[in-house]
Structure formats: structure tokens, C-alpha cells
> 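Structure incoming, see below.
So you know, we letter chains A, B, ... as the sequences are listed, proteins then strands, and number each from 1.
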There are 2 protein chains.
Amino acid sequence: MRKPTLEEVAAEAGVSKMTASRALRGASDVSKETRAKVLNAAERLSYVGNRLALSLSSQRTNLVAVVVPSMSNIVFPEVLAGISAALEGSGMQAVFGISDYDPAKEHAIIRDMLSWQPSAIIVTGLDQPGETARMLQSAAIPVIQIMDLDGTPVDFNVGLSHGRAGEDMARALLAAGRKRFGYIGSALDRDLRAGKRKVGFERVLRESGLGFVEQQQDSAFSSIALGKRLTSTMLATAPDLDCIYYSNDDMATGGLFACMELGIPTPENILIAGFNGLDLAQALPVRIATSRSPRRMIGETAGKLAREAVTTEAASLQKVFSFIPEITGVPHLQ
Amino acid sequence: MRKPTLEEVAAEAGVSKMTASRALRGASDVSKETRAKVLNAAERLSYVGNRLALSLSSQRTNLVAVVVPSMSNIVFPEVLAGISAALEGSGMQAVFGISDYDPAKEHAIIRDMLSWQPSAIIVTGLDQPGETARMLQSAAIPVIQIMDLDGTPVDFNVGLSHGRAGEDMARALLAAGRKRFGYIGSALDRDLRAGKRKVGFERVLRESGLGFVEQQQDSAFSSIALGKRLTSTMLATAPDLDCIYYSNDDMATGGLFACMELGIPTPENILIAGFNGLDLAQALPVRIATSRSPRRMIGETAGKLAREAVTTEAASLQKVFSFIPEITGVPHLQ
DNA sequence: ACTGTTACCGATACCGGTATCGATACCATC
DNA sequence: GATGGTATCGATACCGGTATCGGTAACAGT
């Protein structure tokens, strides 16, 4: 009652294992009649090939390992969908792992993934600890680091500069005439990219002799509810802000909802600014300012790169793919 | 420059391959000194085991294949996160695939997944075509079908009755005094569970001698933007509705935003009802009615089940796990 | 009739691990 | 000193495929 093996299919078809293998793979050295016999036998036994054996034997898995930090907002699922779409039809398969923004867990997951001998690996960010980076390096497969560009990649790099994204947003908001800034973030110790955006933002503020008038941070991960709560708190103590920069759109959306409930006109009194350009942010009854991160595009690019990197000579491929997020929803730019 | 094999580690440590294998796995038949030598050698060569070989040899992969239809809203990512969390520390690894609500693609993906000889497989829904169901059956591994309960499971079943969820929502809305219902959905031909909710909802309406006064459907997949657009259209031709049932919370949220922009008071004039109980829906400045689907819980249950099913005798395990979504946001029930 | 091609197929050796069984050394026991 | 038990290790045979090379048959050319 076990699953049939190639050997059994071959026996059923009255040929050798090797011939059966060739027939099923559509190799050329098989006569039409033999091929038909084998295909037929495989059909009868409802044979499903064993990729463990295939991969062990052929020394290539066509697996692409993907490690992302989170699945709790829509950003990384969209990246995964992009990767998955780019891989479709190539015979390659993505395998996902979630690190929960935990470097130790990330290390363990990457190690685990590598033991499956993937043909390429896609990891989020550039800030892996040295030990992890070394492990990636010695894996002898294409390593594609995504989302972030601020740092030194192991190999390939697809993403955007979050420092620059923060700077650009700050410049846009200053150009829109805002002066009294608040910042609301969450889990910045773990979401390093959000931290980089904040640093970039602050840098530009300082250049104009400004800074954050008020800050609120929480160790929990970002969510609409958290953004709403922190915003209410902040506005209670600092009602004279004219702009709040959030760690991302989820938090910003919460901020907008808080303003709506408090009856504070946005963007007139307070301009809400986030990051990501989520569909949600686009559909909101009141637009918020945001930087559209090309998440899907990053995923697709990374997936395409994985395809190419396993077939093409690595040296001939572009190493860095840089995207610049478009800023939308800043009133006077519209 | 290839990756070192167990053989090489053994040579480095001056023992046989078999002894090295035992030492690395922490088996008992190895002296402390030998074990140390092997561990040391493995460390020096930065050896990473080859799970292909391990799994092929030991005949168990500890892989859990997971097939979901979509990654474009937060629902399935949350399910995946639940599965992933439940598997953590068990030595089992989840492998995800996305079917895009396409039965043919689903069949291909499942076939592909099965070729990796997973220890268990989790698929979404109960409505796989016969061919697919047969393939699952003959895989001789635990099959866990999630999300839906309305149908005949192959093996294990974790989810909720969407028909009943639709009925319950209809009853709640009727009890709240609503009478003129609209329905707005999307891609019902593909998202069968949304269709089942609609059917259940309509069944209850009919029992009260009612029905949908107006319907809007689109072949595109659900999104906030689509919900917003369809709602605007519907309210233009049928402004006298007092309740709109949506295929899910994304669509409903779009509906709410449309009402806000049109200045229609909700829930006073129009009660917006969705499905899922997304965090978003909870945080909205105006609450919408929704059924909280236990997505994370379904994922965790399925993951836990996968763990147990591979170690425990299948016959001794509960086959069906039924969840009943809680309805929130219906005014007079609060 | 003999040789050379071509088309097709099978035997064998892997891929990198683990299961299993047997071998060896050492010690205690009678 | 012979016997038996225990601890430790290695040889061998797989797991289920594929790569590689060699063999056979059929046919064409001379």
C-alpha cells in the first residue's frame, strides 16, 4: 500500500527503471511506443515522483528559500506573492520561513533552510549578525537580500534605502509647510528598517533646525489599534502638532482613525504620514501621506533574480536593484 | 569548495561516517571523546547536514505542505503564521504554496508538494475536484482541510461553516431591524466560501419573506477599493437600502469609506456587514458588523493536528474541529 | 558479407545520509 | 582461564531517483 516507486512503474510497463525515468522526463532516447507504455503504467499506478531522490541524485533542488520577519501585516505576504508569481512556470518552488524579527530565530531558520540545499535564498534585510552572514556566504548559492539597501549585501540586493525614504518624506512635509512634528513608532529595536526611516527623517529635520516635538514608542509590533492608542495619548499632551510621522501605514491609519474620532481635521490641522502605500491607505476617506514601497515589485524582482542566478553566470548579473518609493498624499504636492 | 559531507567530517575526525552520524545526532552509542572530536570537526568545516539525504534515507521529511488560495489580504497570512507557530520546536517545517483560487493551479501545486513527500498536508477548503481529492487520498499522509466545514472532508477538517456564518449574520441583522438588504461581492465563482455565506444569508432572508433588493458583483478579487466603488454605484441606484452584506471585511471597509465620503450616516442609515473580523474592522472609526473568523486559531489547530497526526495513530484523533465565529458590531447586540 | 551509424535500452555507480548487524576490546564473573 | 556482558565502532545495504557508459538491433552503404 506504499506509494509506487519508479521501479514499480518500470516493472508494470515491462521496461527498466532507467527507461521509465527517461520516458517520464520526456527525454529523447525513448521510442514513442515505450514512452506510451510507461506513461500509461505511471497513470495506472498514479505515480508521483519522489523529489527527494531526484534532487539528491541530480544535485539540484530548484528550491528557493525565503525568510521574512513577519506575516502580521500585508507587506510581506505581498512580497511572497511576488516571489511566488515570478517563480511560476520555472520549475522552482519557494519555501517560506518566518523569523518574527528575531535574529536568533532567523539564524536557526536560515540554517534549517540551507540544509534543504536550496538553489537560492532570499532573506529580508542587510543586518544579519556576522555569524548568519558567514553562514549565508559559505552556502555557495545566490543570496538575495531584499527590502533594505542601507548596508553591505552578501551578494544580490533588491530594495530601497529606508534612510533616504525617511529623508524624502521629511523634505516633502517641510515643503508642505509643516513645522511641529511628532513621531509614533513601534518595535523599532526589531524593525530596523523603520528605525532607519526615522533616522533619515530626523536628519532632515535637524538640517532645518527642527526636531520631533513629541515621540511615542511602544515595544509591541505595529497595528492599527496601537497607532490609534498612541496617537490619542500624544494628542492629549501635545495638541499643537501639525504633523505626525509614523513607523508605517498601519500605525498611521490608526492615527487617522484617532483624529477622526477626536474630530481633528486632517490633513488641515494634522498631517498624518506613514510608510508603505498600502491599498488601505489609498482608499481611506481622508488621504494620508505615505511612501509607496514597491513590495510586489521587490518580490518579483527577487524571484526573477533567483531564476536567473541559478542558470546564468553570477558575475554577469546586476547585483543591486534600487527602487525609490513615490510619495503620495502630501497636500500641496497633489 | 563544495559543501562538506558527513564523510569529510568523519575523515577530519578520524572516525567512520557512521560514527560521525551518530555523534552529530546525539545517539547513545558514542563515547564522549569521540563525540567531541566529531562535533569539533563539524564545527571546523562548518558542516550543515543534507536533509535531502536524511529524509530519503529515513523515509520521513517532517515537512508540512500548505496550500492557500491567496496572499492578497491578511486572512491567509494569519493562518500561515498560526501554522508556523504551532510547528515551531517540533522539528517540522511548513512549505507554502499559493493557488490563486484556481483549481487547476491548486491541483498542480498539490501534486508538486506531494512529490516532496511531506509528512502531512494542509489544504484550503473542501471543494477540490475529484481528481485532486483522489490524489490527496492516495498520498497516504494526514490530509487536513481548513477554513470550510460545509462538505465532505478527505480526512481531518478544521474550520467553520460558512453557510451557517451567513445565516447567523442574516438573523442578527434582521433582529436589529434591518429590512432592505443589498449584497456586494467579488469573484464568487472562485471564492466558494464567500458564495456559501451568501447562500446562507439569502436562505434566512427568504424565510422572512425577504431577499436582496440589490446586488453588485465583480469578477475581480476583493479589495477595499473595489468595495468602495461598487458601493458608490449601488447607492446611486438604490439609496434606500438599510443594510449591505459584503463578501468580506475588505469589501465592507471599502463600503464604509464610500458611505463616509457620501455623508451617509452609518450604521444609522445603512448598516455595513462584512466577514472576518479583521483588526482593521475593529479599529474603524465607525464599527461595522462582522463575523470574527478564528483564522489564527484555525492555523494553530491545523498545525498542532499535523504534529500529532504524524506521531499518533490517526484513528485516535478527533477528525473535525468546528469553530463558530462571533458576531460583533451589530448595533443593538452590543 | 562486412562495417559504420543510429535509435533505443539497461547495468552500474553514484548522491549523502541512516538502519542494521556484526566485530572488537575491555572488564567482570565463575 | 573460559565465558558472558557492555560499550563502542565500522561495514554493508539500502532510500529512490539520475548520469554515464556500454550493449544490441536494425538498417544503410560498399
Side-chain angles (χ1 to χ4, degrees), chain A residues 2-39 41-42 45-63 91 112 114-119 139-141, chain B residues 2-39 41-42 45-63 91 112 114-119 139-141:
Chain A
R2 269 181 34 269
K3 288 195 283 185
T5 68
L6 182 61
E7 185 91 57
E8 286 154 14
V9 172
E12 174 84 7
V15 298
S16 79
K17 190 174 144 187
M18 202 53 234
T19 301
S21 167
R22 279 194 274 251
L24 290 174
R25 278 179 297 156
S28 56
D29 271 11
V30 185
S31 74
K32 253 205 284 269
E33 302 77 42
T34 306
R35 187 190 311 281
K37 273 196 302 185
V38 172
L39 260 36
L45 301 180
S46 60
Y47 170 73
V48 179
N50 184 331
R51 279 197 75 157
L52 295 173
L54 188 161
S55 295
L56 179 60
S57 171
S58 65
Q59 299 285 69
R60 24 205 313 289
T61 55
N62 282 344
L63 238 36
D112 224 68
L114 289 179
S115 73
W116 285 103
Q117 320 290 116
S119 299
I141 54 174
Chain B
R2 268 182 33 268
K3 288 195 281 184
T5 69
L6 183 60
E7 186 90 59
E8 286 154 12
V9 172
E12 174 84 7
V15 299
S16 80
K17 190 174 144 187
M18 201 54 236
T19 300
S21 168
R22 279 194 275 252
L24 289 174
R25 279 181 295 156
S28 57
D29 269 14
V30 185
S31 73
K32 253 207 282 276
E33 302 78 40
T34 306
R35 187 190 309 282
K37 272 195 302 186
V38 173
L39 260 38
L45 301 180
S46 59
Y47 171 73
V48 179
N50 184 331
R51 280 197 74 158
L52 295 172
L54 188 162
S55 296
L56 178 61
S57 171
S58 64
Q59 299 285 66
R60 24 205 316 289
T61 56
N62 283 343
L63 239 37
D112 225 66
L114 289 179
S115 74
W116 284 103
Q117 320 289 115
S119 299
I141 54 172

> Taking OP1 and OP2 of D/dG16, is either one under 4.0 Å from a side-chain nitrogen or oxygen of A/Tyr47?
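False: A/Tyr47 side-chain N/O out of range (4.0 Å or more) of D/dG16 OP1/OP2.
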> Figure out the CD/P separation between B/Glu7 and D/dA11, and round it to whole Å.
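B/Glu7 atom CD is separated from D/dA11 atom P by 10 Å.
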> CZ/B/Arg35 to OG1/B/Thr19 distance, rounded to the nearest 0.5 angstrom?
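Going from the CZ atom of B/Arg35 to the OG1 atom of B/Thr19 covers 11.0 Å.
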> Please determine if a side-chain N or O atom of A/Ser31 lies less than 4.0 Å away from the OP1 or OP2 oxygen of C/dA7.
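Negative; the distance criterion is not met.
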> Test side chain to side chain contact (heavy atoms under 4.5 Å, CB included) on A/Arg51 and B/Leu52 and set out the steps.
CA-CA 9 Å; A/Arg51 279 197 75 157; B/Leu52 295 172; over 6 Å; no
> Specify the separation, in whole Å, of atom CH2 of A/Trp116 and atom P of C/dG17.
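Nearest whole value for this atom pair: 13 Å.
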> Using whole Å, report how far CZ of A/Arg35 lies from P of C/dA7.
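To the nearest whole Å, that distance equals 14 Å.
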> If I take atom OG from residue A/Ser16 and atom CD from residue A/Glu7, how far apart are they, to the nearest 0.5 angstrom?
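These two atoms lie 9.0 Å from each other.
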> Restricting to side chain to side chain donor-acceptor pair (under 3.5 Å), what partner residues turn up for A/Ser21, sequence neighbours left out?
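A/Arg25.
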> Scan nucleotides 18-20 of chain C against the protein and return all N/O pairs shorter than 3.5 Å with their distances rounded to 0.1 Å.
residue : atom : partner : partner atom : Å
C/dT18  : OP1  : B/Arg25 : NE           : 3.4
C/dT18  : OP2  : B/Ser21 : OG           : 2.2
C/dT18  : O4'  : B/Ser57 : OG           : 2.6
C/dA19  : OP2  : B/Arg25 : NH1          : 2.9

> I'd like to know whether B/Trp116 forms a side chain to side chain contact (heavy atoms under 4.5 Å, CB included) with A/Thr61, so could you lay out the CA-CA distance, the side-chain angles of the two residues, the decisive distance to 0.1 Å, and finally the verdict.
CA-CA 10 Å; B/Trp116 284 103; A/Thr61 55; 4.2 Å; yes
> What is the distance, rounded to the nearest whole Å, between atom NZ of B/Lys37 and atom P of D/dC9?
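Atom-to-atom, B/Lys37 to D/dC9, this comes out as 7 Å.
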> Respond yes when some side-chain nitrogen or oxygen of B/Ser16 is under 4.0 Å from OP1 or OP2 of D/dG10, and no when none is.
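Yes, because at least one side-chain N or O of B/Ser16 sits under 4.0 Å from OP1 or OP2 of D/dG10.
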> What does A/Ser55 touch in the nucleic acid at a heavy-atom separation under 4.0 angstrom: a base, only the sugar-phosphate, or nothing?
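A/Ser55: no heavy atom of the nucleic acid under 4.0 Å.
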> Does any part of the side chain of A/Ile141, heavy atoms only, come nearer than 4.5 Å to the side chain of A/Gln117, both counted from C-beta?
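Not in contact.
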> Distance check needed: D/dC9 C1' versus B/Glu33 CD, whole Å only.
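That distance rounds to 13 Å.
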> Using a heavy-atom cut-off of under 4.0 Å over every strand shown, decide if B/Asn50 touches base, sugar-phosphate, or nothing.
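Sugar-phosphate only.
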> Quick one: is A/Gln59 getting a side-chain N or O under 4.0 Å of the D/dG17 phosphate, OP1 or OP2?
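No, no such contact exists.
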> Mind checking what makes side chain to side chain donor-acceptor pair (under 3.5 Å) contact with A/Glu12, not counting sequence neighbours?
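If we apply the side chain to side chain donor-acceptor pair (under 3.5 Å) test to A/Glu12, skipping adjacent residues, the hits are A/Arg44.
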> Provide, to the nearest angstrom, the distance between the CD atom belonging to B/Glu8 and the P atom belonging to C/dG16.
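Rounded to the whole Å, the gap is 8 Å.
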> Between P on C/dC8 and NZ on A/Lys32, what's the gap in Å once rounded to a whole number?
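In whole Å, C/dC8 P lies 9 Å from A/Lys32 NZ.
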> Check the distance between D/dC15's P and B/Arg60's CZ and give it to me in whole angstrom.
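From B/Arg60 CZ to D/dC15 P: 17 Å.
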